[in-house]
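What follows is a single structure, written as structure tokens, with notes after it.
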Amino acid sequence: DSPVKLHLIRHAPEVFEDVQYAFQSDLMWAAFNSGWDTWTTPSFDASTRRSWDHFMQFTDDFAAKMLEMSSDTAEPIFLLHDYQMICLPPLLREHRPASRILLFVHVPWPGADYWRITPRYMRTTVIERMLRSDVVGFFADRWVNNFLHCVADQLPDAQIDRATSTVTYNGHTTRIETMPLGYSSDA
């Protein structure tokens, strides 16, 4: 049995505030929860790109700390919870290729047409990065189906096997699962 390691991460204040209040709360929460009146919102501009860049810095900060904290473990298991962590998998995989990476997304995953509202650089990068996990979990079957439709829509080179609920992309296979109560010890 390995102990669970917890550690506080301090981000630069401007990065944290932009990510927390602009990117995650205003943009991503609305994207995942169908929160936009698409006739009038959203509009994306330079501030959206700045928030995205800050989110990438925020993600890099988390990855660096997670890699540092797991440096004494041969093959750590990384449990990533919720959409704030969706871009971490490739950063962990690059440095710890044998580790298990399980990503659980607690929010609804939108349909492909709604996901297309987000800027292309964002919507494709998020999906590509999620697919570096070993398992991506969602609470509901419809969210799994929505995610698979988004993969098909955004990554035409991805091989989707609906019978096994797997996606193979860039040489890596990821299981996409419904987990009504979160992670299973068998995942």
Aromatic ring pairing [X]/[Y], orientation class (parallel under 30°, perpendicular over 60°, tilted between):
{"X": "Phe44", "Y": "Trp36", "result": "perpendicular"}
{"X": "Phe16", "Y": "His11", "result": "parallel"}
{"X": "Phe23", "Y": "Phe55", "result": "parallel"}
{"X": "His106", "Y": "Phe139", "result": "perpendicular"}

- How far does CZ of Arg123 sit from CD of Gln154, to the nearest 0.5 angstrom? 4.5 Å
- Message: How long is the straight-line distance from CG of Leu148 back to CZ of Arg162, given to the nearest 0.5 Å?
- Response: 5.0 Å
- Do the side chains of Phe104 and Ile86 join up, straight or via other hydrophobic residues, at under 4.5 Å, putting them in one cluster? yes
- Following the transitive rule for hydrophobic clusters with a side-chain heavy-atom cut-off under 4.5 Å over Ile, Leu, Val, Met, Phe, Trp and Tyr, establish whether Leu103 and Ile9 coincide in one cluster.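 In one cluster with Leu103: Ile9, yes.
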- Message: Going by the rule ring-ring contact (aromatic ring centres under 6.0 Å, His included), which residues pair with His95 if we only count those two or more places apart in sequence or in a different chain?
- Response: none
Residue pair [X] / [Y], side-chain donor-acceptor N/O under 3.5 Å:
{"X": "Gln159", "Y": "Tyr169", "answer": "no"}
{"X": "Thr166", "Y": "Thr173", "answer": "no"}
{"X": "Asp18", "Y": "Ser51", "answer": "yes"}
{"X": "Arg175", "Y": "Ser165", "answer": "no"}

- Minimal non-hydrogen separation, Val105 against Asp82, with atom names: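 What the structure gives for the nearest pair is C-OD1, 4.0 Å.
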- Query: Does Arg49 make a cation-pi contact with Tyr121 (under 6.0 Å, within 45 degrees of the axis)?
  - Reply: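 Yes, Arg49 and Tyr121 form such a contact.
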- Item | For Ile77, all residues meeting side chain to side chain contact (heavy atoms under 4.5 Å, CB included), sequence neighbours excluded |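 Scan of Ile77 (side chain to side chain contact (heavy atoms under 4.5 Å, CB included), adjacent residues dropped) gives Leu79, Arg100, Leu102.
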- Excluding sequence neighbours, so at least two apart, what forms side chain to side chain contact (heavy atoms under 4.5 Å, CB included) with Ala112?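 Side chain to side chain contact (heavy atoms under 4.5 Å, CB included) check on Ala112 returns His149, Cys150, Asp153.
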- Query: In terms of side-chain geometry, is the basic nitrogen of Asp60 or Lys65 positioned less than 4.0 Å from the acidic oxygen of its partner?
  - Reply: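 Salt bridge flag = no for Lys65 with Asp60.
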